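Here is the structure we will look at, set down as C-alpha cells.
All values below were derived from every heavy atom in this structure, side-chain atoms included, with hydrogens, water molecules and symmetry-related copies excluded. Bear in mind that the values here come from a model prediction, so they are computed numbers and not experimental data.
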Amino acid sequence: MLQDKVMAMNQIRSLRSLIFSKETVRDVGRRSFATGAGKAKKGGKGGAASDAPKASSLTKETKSTTVVGANILKDGADPKVLPDSEYPDWLWHLLDKRPPLSELRRKNIETLPYEELRRFVKLDNRARIKENNSLKAKN
C-alpha cells in the first residue's frame, strides 16, 4: 500500500513538470517578426553607417519611363509610363481646386452646373448635421 502511494506521488511530480505555466503558453502564442539570425551586425554602437539611406540603383531613364513601386504582383513588373493621350480626360481634372461651401452659397443655385450643385448639397448637408450634433451635445 505504501509502495502504491509513493509510486502515485512520483507520477504526479512527473506530470507537474509537463504542465505548462500560463506564462509559457502566452509566450508561445505571441507573434514576432522574423530576424536575420544568420547575419551578424557589423560596426559598433549606434550603427550610423548602416542607418544612412542607400543611393538609388535605378537610372534616370528607368525612373522616367516606368512607375517605380507600382507593381503589386509577385511575378509582375512595374508599369510603363504612357503618353498623355493614352490616359482618360477626367484624370487630368482630379487635382483641380473645387469651390468651398462658402463660395457655393454666394452663387445662384439655379445657375450652378450639375457637379457643383451636387457638391453644394453634400457640403450643406454635412454642415447642417455638424451643427445639429453640436446643439445636441450642448443640451
Side-chain angles (χ1 to χ4, degrees):
M1 182 85 168
L2 181 61
Q3 192 176 13
D4 290 336
K5 286 183 180 181
V6 171
M7 202 162 124
M9 291 298 287
N10 286 337
Q11 287 180 345
I12 290 173
R13 284 188 195 126
S14 64
L15 286 176
R16 282 185 186 164
S17 66
L18 294 176
I19 296 174
F20 295 108
S21 66
K22 288 181 182 178
E23 292 82 22
T24 307
V25 171
R26 185 179 56 208
D27 288 343
V28 169
R30 187 175 299 155
R31 300 175 95 187
S32 62
F33 295 105
T35 59
K39 296 181 180 179
K41 191 172 184 179
K42 294 181 181 179
K45 202 173 191 180
S50 63
D51 291 343
K54 295 179 181 176
S56 176
S57 63
L58 299 172
T59 63
K60 208 174 215 182
E61 182 182 328
T62 305
K63 287 181 183 178
S64 65
T65 59
T66 60
V67 183
V68 179
N71 176 34
I72 59 169
L73 302 175
K74 195 173 193 178
D75 297 331
D78 288 330
K80 301 287 182 196
V81 176
L82 301 174
D84 290 351
S85 61
E86 296 291 321
Y87 294 104
D89 292 333
W90 58 264
L91 181 68
W92 307 112
H93 299 291
L94 286 178
L95 297 178
D96 290 348
K97 295 289 182 187
R98 295 183 294 182
L101 179 61
S102 59
E103 189 177 318
L104 291 172
R105 281 185 175 159
R106 282 183 259 149
K107 294 181 179 179
N108 185 6
I109 294 176
E110 295 172 2
T111 60
L112 284 177
Y114 177 72
E115 292 299 321
E116 287 187 5
L117 184 61
R118 258 182 62 187
R119 181 170 167 76
F120 171 73
V121 170
K122 181 177 97 171
L123 294 177
D124 190 52
N125 283 340
R126 186 182 294 165
R128 277 191 288 115
I129 289 170
K130 284 184 179 182
E131 187 178 341
N132 287 338
N133 286 344
S134 67
L135 290 175
K136 287 179 184 177
K138 289 179 183 177
N139 291 334

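In this structure, the side-chain contact (heavy atoms from CB on, under 4.5 Å) partners of P100, at least two apart in sequence or on a different chain, are S102, E103. Listed by chain and number, the residues in a side-chain hydrogen bond (donor to acceptor under 3.5 Å, both in side chains) with D75 amount to none (sequence neighbours excluded). Applying the side-chain contact (heavy atoms from CB on, under 4.5 Å) rule to N133 yields the partners I129; only residues at least two apart in sequence or on another chain are considered. Listed by chain and number, the residues in a side-chain contact (heavy atoms from CB on, under 4.5 Å) with K122 are R126 (sequence neighbours excluded). R105 is linked by a salt bridge (charged side-chain N to carboxylate O under 4.0 Å, His left out) to D124, counting only residues two or more places apart in sequence or in another chain.
Among the candidates V67, V68, L73, the single residue satisfying the side chain to side chain contact (heavy atoms under 4.5 Å, CB included) test with N71 is L73.
Taking CZ of F120 as the start and CD1 of I109 as the end, the distance is 4.0 Å to the nearest 0.5 Å.
Nearest heavy-atom pair, L123 versus P99, reported as atom, atom and distance to 0.1 Å: CD1-O, 4.4 Å.
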Let me check something: any side-chain donor-acceptor pairs from residues 79-97 under 3.5 Å, sequence neighbours excluded? List them with distances.
| residue | atom | partner | partner atom | Å |
| --- | --- | --- | --- | --- |
| Y87 | OH | L82 | N | 3.2 |
| H93 | ND1 | D96 | OD2 | 3.0 |

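At a threshold of 4.5 Å between non-hydrogen side-chain atoms, the residues R118 and V121 do not count as touching.
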